[in-house]
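Worksheet: one structure, shown below.
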Amino acid sequence: MEEIRLRFPPSPTGYLHIGSARTALYNWLFARKHGGKLVFRIEDTDMERSTEEAAKAIIEGLKWLGITWDLGPYYQSDFAQEHREAAERLLEQGKAYRCFCTKEELEEKRKAAQKEKREYGYDRTCRSIPKEESDRRASNNEPFVIRFKVPDSDEPVVFEDKVYGRIVTNRKEIDDFVIVRSNKVPLYILSNVVDDHRDRVTHIIRGADHITNTPKQVLLYQAFGWPTPVFAHMSLTLDSQKAKISKRRHGEMATVAWYKEHGFLPWAFCNFLALLGWNAGDDREYFPTSDELVEAFSLEGLSKTNAVFNYRKGDPKFITDPKAIHINSLHLRSMAIESLLPYVKSELEKAGLWKDNYDSDEREWFVEMVDLLRARYNLTTDFATLGRPYFTEDYEIEEKAMKKGLKKDPGIKEYLPVIANKLEALDPFDKDAIEMCLRELAENYGVKVGILTNAVRAAVTGQNVGPGLFELLPVMGRGRVVARIRRIASSLG
RNA sequence: GACCCUAUCGUCUAGCCUGGUUAGGACACCAGCCUUUCACGCUGGCGGCACGGGUUCAAAUCCCGUUGGGGUCGCCA
């Protein structure tokens, strides 16, 4: 049986874009699902815009996402000679022809057509130039491009799209398109077909923006006598203004790197991306592992309608699609704690909060603390921002914590030193003992236990929100807790 | 403008093919419950079949049209 092969062929003209990442993801999922291979090919035939840095950034992005490939990366430009030869073959067979029209001439015709509100298509001026003349002009070094000669026929060009169904195109809608530039560099439309054939690609999953050039490529496959692969076009992702998401309009938020920097877990982000324009057919949206997504994935679940990325510029609650954050929190809270640790370490390092002891003597303490905190965090960056007081003595008492925790009851500044003394002497220093201790004290003072817990929380974390206090204190450790309470108590004057 | 694609809550979507559902789920939002705080969780609420014609006993579902949205129309990919 023929091996299933897919490909991901980005052009290296910028960072890895979330739309490209989604395309890569779907190809990868499909390949894995069917035991196939994924070809990674960098389409750099546009030398003007392609850069090595961009290629690197794309590779980095894919690696971070965990999207792996089986073949490549190949560079399309390495195969330029093969593409030229393919074009040469078409030329010899009369399936393509040299076009000597200059850019300026064509531009003029285009403008004239626009002015008269006629639709513009290449007028086939050079299609009828006799072979002898064409050869002569070529050997005289007259510049030319090579155009594909769309075969005359009454039959429309048809292909069966796995998502959109049967796409029928009238040949009159297809120009004799250019396949080789005047500088002899082949164009994408040609190179792409030649490469896909050489790489034995069986399935092409790509953005719906390629739908209209698919008939041209189908014609090329036919001209070469090659079987056409299966096409599956996927809906695009737009912003709330219904514009294509782009770095230019949306800034870094449109790049994969942004998600890496803002505390997203790679697999969680893939999980979210997969949901943009695809569904499992049941109510499942959370896929703990890639195996589960692979199992659920199928082309039938792809949506035909463009997805709108729910992001509002300038709105802090919508720095990105809130569903992305939600999915991330699901993964953050339930993934294996060992897998989460490196991400937390990285965030703490960036914030200057990391201590090497967390990898050795204090490792147990660190793991317990992370586990306690993650239950209410959404992003890995939260450990360094919201979590700051847990990892350093250098923390502020937030205003809300001061008000709701430390100033809530006038007696608090009397209670706090007593609590510190009690906790210092408590044995064992565990959840139940601490709870009993604080409840007893509350009863003695005739206040609700919440007054005491909130005060202690405010003192030891500077915050009025956080893990359950009775769980937190034993993890934090007696020494640290008592010291913090005393320090804050004395500062209350 | 021409050609192609598309249309279900604010957003992602199920349902459409094979007409009969109180049009389902998720995110977001609101309320309540839980509770030592905040989250989580649970319960409930808000909110949608773009419009107009057909076909039919019956239309989100089938057909036609309108409107809206998107894509493409390069010697970019």
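A, B, ... follow the sequence lines: proteins, then strands. Residue 1 opens every chain.
Counting non-hydrogen atoms under 4.0 angstrom, Asn192(A) reaches nothing in the nucleic acid. Within 4.0 Å (heavy atoms only), Phe470(A) reaches at least one base atom of the nucleic acid. Within 4.0 Å of Lys304(A), counting heavy atoms only, lie sugar-phosphate atoms of the nucleic acid but no base atom. When heavy atoms are screened at a 4.0 angstrom cut-off, Gly277(A) is found touching the sugar-phosphate backbone but no base atom. Within 4.0 Å of His210(A), counting heavy atoms only, lies at least one base atom of the nucleic acid. Base engagement by Asn464(A) is indicated by at least one non-hydrogen atom pair under 4.0 Å involving a base atom. Heavy atoms of Ser11(A) sit under 4.0 angstrom from primed sugar atoms or phosphate atoms, though from no base atom. Nucleic acid contact for Leu275(A): sugar-phosphate only, since backbone atoms but no base atoms lie under 4.0 Å from a heavy atom of the residue.
Going from the P atom of G54(B) to that of G15(B) covers 29 Å, rounded to whole Å. U8(B) and C4(B): their C1' atoms are spaced 23 Å apart (whole Å). As rounded to the nearest Å, C12(B) and G47(B) have C1' atoms that lie 15 Å from one another. Distance check on atom P: A28(B) versus C42(B) gives 13 Å, rounded to whole Å. A14(B) and C75(B): their C1' atoms are spaced 46 Å apart (whole Å). A distance of about 32 Å separates the C1' atoms of G71(B) and G19(B), rounded to the whole Å. Comparing the C1' positions of G68(B) and C30(B) gives an interatomic distance of 31 Å, to the nearest angstrom. Atom P of A23(B) sits at a distance of 14 Å from the matching atom of G45(B), rounded to the whole Å.
Looking at Ile59(A) and Lys56(A), their side chains never come closer than 4.5 Å, going by heavy atoms from C-beta outward.
In summary, contact between chain A and RNA chain B, defined as any nucleotide atom under 4.0 Å from a heavy atom of the protein, begins and ends at A2(B) to A77(B) in the 5' to 3' direction.
Side-chain contact annotation: Thr320(A) with His262(A), donor-acceptor N/O pair under 3.5 Å absent. Using a 3.5 Å distance cut-off with no hydrogens or angles, the side chains of Glu43(A) and Asn192(A) do pair a donor with an acceptor.
Salt bridge present: Asp282(A) and Arg284(A) bring a charged side-chain N and a carboxylate O closer than 4.0 Å. A salt bridge between Arg41(A) and Asp196(A) is present, with a side-chain N of the basic residue lying under 4.0 Å from a carboxylate O of the acidic one. Arg110(A) has a carboxylate O that lies under 4.0 Å from a charged side-chain N of Glu107(A), or vice versa, which qualifies the two as a salt bridge.
Not less than 6.0 angstrom separates the ring centroid of Phe177(A) from the ring centroid of Tyr122(A). Tyr15(A) and Trp258(A) have their aromatic ring centers separated by at least 6.0 angstrom.
Ala21(A) pairs by the side chain to side chain contact (heavy atoms under 4.5 Å, CB included) definition with Leu16(A), Leu65(A), Val256(A), Leu273(A), not counting sequence neighbours. By the side chain to side chain contact (heavy atoms under 4.5 Å, CB included) test, Phe470(A) is found to be paired with Lys431(A), Ile434(A), Glu435(A), Leu438(A), Arg439(A), Thr453(A), residues two or more places apart in sequence or in another chain being considered.
In this structure, A50(B) and U66(B) make a Watson-Crick or G-U wobble pair, each of the two defining distances being under 3.5 angstrom. Within the shown strands, C73(B) is the pairing partner of G1(B) under the Watson-Crick or G-U definition, both distances less than 3.5 Å. Base pairing of A26(B) is made with U11(B), judged by Watson-Crick or G-U wobble geometry with both donor-acceptor distances under 3.5 Å. Shown here, U55(B) forms no base pair; nothing in the strands shown gives a Watson-Crick or G-U wobble contact with both key distances under 3.5 Å.
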Could you list the donor-acceptor pairs under 3.5 angstrom formed between side-chain atoms of residues 149-156 of chain A and any protein atom two or more places apart in sequence or on another chain?
{"residue": "Lys149(A)", "atom": "NZ", "partner": "Gly94(A)", "partner atom": "O", "Å": "3.3"}
{"residue": "Asp152(A)", "atom": "OD2", "partner": "Arg127(A)", "partner atom": "NH2", "Å": "3.3"}
{"residue": "Ser153(A)", "atom": "OG", "partner": "Glu155(A)", "partner atom": "N", "Å": "2.8"}

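Within residues 175-191 of chain A, the residues having any heavy atom closer than 4.0 Å to RNA chain B are, in order of number, Val178(A), Arg181(A), Ser182(A), Leu187(A), Tyr188(A). The stretch residues 144-156 of chain A comes close to RNA chain B through Val145(A), each having a heavy atom under 4.0 Å from the strand.
Scanning all heavy atoms of the two residues, the minimum distance from Ser182(A) to Val145(A) falls at N-CG1, 3.6 Å.
Between Asp209(A) and Pro467(A), the one whose closest nucleotide on RNA chain B sits nearer the 5' end is Pro467(A). Map Gly121(A) and Glu173(A) each onto its nearest nucleotide of RNA chain B; the residue landing nearer the 5' end is Glu173(A).
Phe144(A) does not carry Arg137(A) over the face of its six-membered ring by the limits of under 6.0 Å from the centre and within 45° of the normal.
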